[in-house]
Amino acid sequence: MATATAPKGKWDSTIALLWRGYTFIDRECRRLGSDIFTTRLLGNKTICMQGHEAARLFYDEQRFKREGALPGFAKRTLTGERGVQTLDGAEHRHRRRMITALTTPSEVERLAGTVEDVWRSALPSWARREQVVLIDEVRPVLLTAICRWAGVPLADAEAASRARDMAALIDGFGSVGRRQLRGRLARRRAEAWISRVIDGIRAERPPAGDRTPAAAA
């Protein structure tokens with residue numbers, strides 16, 4: 001993965017990155033036939049890469065630091081100010097262990113089963129309509145399933161609005177203008193909501209056998 005032989009992308013890819021978002025690097029790698037290429041972002045020389053080697057490289061704590069890597073406007077949407085993606089050292093490893101302990105194969109299987117149950121329960125309602133916009137309907141289905149798996153109470157009446165906020169976090173990540181503003185506002189609402197939920201769970205003291213993510217928080 002030597003950068004000396006890496007192909008060059010466009011002279012400056014700032015607009016392409018803002019327009020393509022997550023798919024930008026993959027598209028350019030496919031176009032150039034390489035898992036690494038150089039370009040410029042806001043005029044600064046930048047190396048873009050993907051693949052297993054790139055992932056291993058980014059986890060080398062002697063070469064990379066997460067703190068300060070993401071600009072503030074990005075942290076105020078998807079990741080949050082103290083997300084695991086922004087931590088280094090022991091703090092990062094502790095948070096990552098907590099997350100990986102909750103995503104074992106058996107837990108992934110339980111989540112998949114919950115998604116299927118919630119999805120199937122939504123089918124009769126969809127079948128009665130002349131038209132269904134799938135992306136709008138799937139968002140609350142996925143959020144409801146995730147909340148059930150995680151042990152987070154979610155009323156049916158609030159599932160759609162909470163799901164829209166989750167979508168705004170993703171859509172606003174790294175964007176500018178209205179999408180960024182919507183993402184920031186959604187982040188504030190989501191953090192206020194989940195803080196109330198976690199405080200309530202802690203106050204009730206979950207049973208010792210409760211291993212849901214909410215109980216572990």
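A donor-acceptor distance shorter than 3.5 angstrom exists from the side chain of Thr46 to the backbone of Asn44, with no hydrogens or angles considered. Without hydrogens or angle criteria, Ser125 side chain to Ala122 main chain gives no donor-acceptor distance under 3.5 Å. Judged purely by atom type and a 3.5 angstrom limit, Ser195 has no side-chain atom pairing as donor or acceptor with the backbone of Ala192.
The cluster map of Ile, Leu, Val, Met, Phe, Trp and Tyr, joined by side-chain heavy atoms under 4.5 Å apart, puts Val108 and Leu102 in different clusters. Linking Ile, Leu, Val, Met, Phe, Trp and Tyr whenever their side-chain heavy atoms come within less than 4.5 Å leaves Ile198 and Ile99 in two separate clusters.
Contact of the Asp26 side chain with the Glu28 side chain is not registered, since no non-hydrogen atoms from C-beta on lie closer than 4.5 Å. Trp126 places none of its side-chain heavy atoms less than 4.5 Å from the side chain of Gln131. Arg139 is listed as a side-chain neighbour of Ile135, based on a closest heavy-atom distance under 4.5 Å. Counting heavy atoms from C-beta on, the side chains of Trp119 and Val138 come closer than 4.5 Å. With contacts defined as side-chain heavy-atom distances shorter than 4.5 Å, the pair Asp165/Trp193 does not qualify. At least one side-chain heavy atom of Phe58 sits under 4.5 Å from a side-chain heavy atom of Met49. In this structure, the side chains of Val132 and Arg129 come closer than 4.5 Å at one or more pairs of heavy atoms. Residues Cys48 and Thr38 are not in side-chain contact: their nearest non-hydrogen atoms beyond the backbone lie 4.5 Å or more apart.
For Arg31, the CZ atom sits in a packed shell: over 12 heavy atoms of surrounding residues, nucleotides or ligands are nearer than 6.0 Å. With a 6.0 Å radius and a threshold of 12 heavy atoms from other residues, nucleotides or ligands, Asp60 has its CG atom above the threshold. Enclosure of atom CZ in Arg188 is not indicated, since only 12 or fewer non-hydrogen atoms of other residues, nucleotides or ligands lie within 6.0 angstrom. Arg120 CZ: 12 or fewer foreign heavy atoms inside a 6.0 Å radius.
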Would you tabulate the side-chain donor-acceptor contacts of residues 146-155 under 3.5 Å, counting partners in other chains and residues two or more places apart, or write 'none'?
from   : atom 1 : to     : atom 2 : distance (Å)
Trp149 : NE1    : Glu107 : O      : 3.3
Trp149 : NE1    : Glu107 : OE1    : 3.0

For residues 64-74, dump all side-chain donor-acceptor pairs below 3.5 Å to protein atoms at least two apart in sequence or in another chain.
from  : atom 1 : to    : atom 2 : distance (Å)
Arg66 : NH1    : Leu87 : O      : 3.4
Arg66 : NH2    : His92 : NE2    : 3.3

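With sequence neighbours left out, the side chain to side chain contact (heavy atoms under 4.5 Å, CB included) criterion links Leu17 to Phe24, Leu41. Every residue meeting the side chain to side chain contact (heavy atoms under 4.5 Å, CB included) condition with Ala168, not counting sequence neighbours, appears here in chain and number order: Ala186. Shown here are the side chain to side chain contact (heavy atoms under 4.5 Å, CB included) partners of Ile15, two or more places apart in sequence or in another chain: there are none.
The structure places OG1 of Thr104 at 9.0 Å from CZ of Arg110, a figure rounded to the nearest 0.5 Å. Here the straight-line distance linking atom CZ of Arg189 with atom CZ of Arg164 works out to 9.5 Å at 0.5 Å rounding. Atom CZ of Arg27 sits about 13.5 Å away from atom CG of Leu32, to the nearest 0.5 Å. Once rounded to the nearest 0.5 Å, the distance linking CD of Glu91 with OG1 of Thr86 reads 8.0 Å.
Annotation: salt bridge (Lys or Arg N to Asp or Glu O under 4.0 Å) contacts involving residues 39-50, sequence neighbours excluded, are absent.
In terms of heavy-atom proximity, Ser13 sits nearest to Thr39 at OG-OG1, 2.6 Å.
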